[in-house]
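Some notes on the structure that comes next.
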Amino acid sequence: CDWSSDVCSSDLEMRKVGEHFREGNPVIINLDDTEESERKRLVDFASGLVFGLQGRIEKISLRVFLLSPANVTVSNEDKTAAQATFFNQS
């Protein structure tokens with residue numbers, strides 16, 4: 001599967017997340033630089049997305065989430081590798 005990681009701060013960016021997730025790909029979203037009111041809306045959107053497509057959402061850190069489609073099993077090794085790649089970006 002293809003991983004996507006996005007720093008989300010707008011509805012347009014979340015639309016891209018939704019499209020990627022709908023294609024059956026796990027997505028990591030980072031809401032660190034998002035204001036609290038907007039962060040709540042984006043988490044609500046992500047929660048609805050995974051519920052509607054029968055996926056899963058996992059909190060990786062305080063404001064970082066992993067969205068996994070129903071047909072994808074993300075192993076602990078994959079999660080660790082994705083986290084390392086994601087958090088080592090500059």
Side-chain angles (χ1 to χ4, degrees):
C1 61
D2 294 325
W3 282 91
S4 175
S5 60
D6 293 290
V7 176
C8 299
S9 59
S10 71
D11 293 336
L12 179 60
E13 291 164 338
M14 282 305 287
R15 179 184 173 109
K16 291 177 188 175
V17 166
E19 290 169 352
H20 198 76
F21 184 81
R22 234 182 7 204
E23 292 170 0
N25 298 302
V27 179
I28 295 175
I29 57 172
N30 180 350
L31 303 175
D32 278 337
D33 296 330
T34 308
E35 292 182 25
E36 187 173 343
S37 60
E38 187 70 10
R39 191 168 45 246
K40 181 174 175 9
R41 285 182 357 93
L42 297 175
V43 170
D44 286 347
F45 173 84
S47 297
L49 179 67
V50 298
F51 178 79
L53 297 174
Q54 299 178 341
R56 291 171 305 286
I57 186 168
E58 295 178 57
K59 194 173 196 176
I60 293 176
S61 71
L62 183 61
R63 295 183 182 117
V64 178
F65 300 87
L66 169 63
L67 312 181
S68 303
N71 63 337
V72 174
T73 301
V74 180
S75 70
N76 286 333
E77 289 177 355
D78 288 339
K79 288 178 195 176
T80 302
Q83 280 179 283
T85 301
F86 183 78
F87 288 112
N88 289 329
Q89 294 177 1
S90 5

List the residues meeting side chain to side chain contact (heavy atoms under 4.5 Å, CB included) with Phe45, not counting sequence neighbours, and say none if there are none.
Met14, Leu49
Can you find a heavy atom in the side chain of Leu66 that is under 4.5 Å from one in the side chain of Pro26?
yes
Between Ile29 and Leu42, is a side chain to side chain contact (heavy atoms under 4.5 Å, CB included) present by the stated rule, with each step listed?
CA-CA 10 Å; Ile29 57 172; Leu42 297 175; 5.9 Å; no
Do you know which two heavy atoms are closest between Leu62 and Lys59, and how far apart they sit?
O-CE, 3.2 Å
Residues two or more places apart in sequence or in another chain: which of them pass salt bridge (charged side-chain N to carboxylate O under 4.0 Å, His left out) with Glu19?
Arg15
Rounded to the nearest 0.5 Å, what separation is found between the CD atom of Glu36 and the CZ atom of Arg63?
7.5 Å
Partner of Phe65 under side-chain contact (heavy atoms from CB on, under 4.5 Å), picked from Leu31, Ile60, Val27, Ile28, is Leu31
Donor-acceptor under 3.5 Å (Arg56 side chain, Ser68 main chain)
no
Nearest heavy-atom contact between Ala70 and Leu53 is CB-O, 3.8 Å
Leu67: which of Val17, Asn25, Val72 passes side-chain contact (heavy atoms from CB on, under 4.5 Å):
Val17
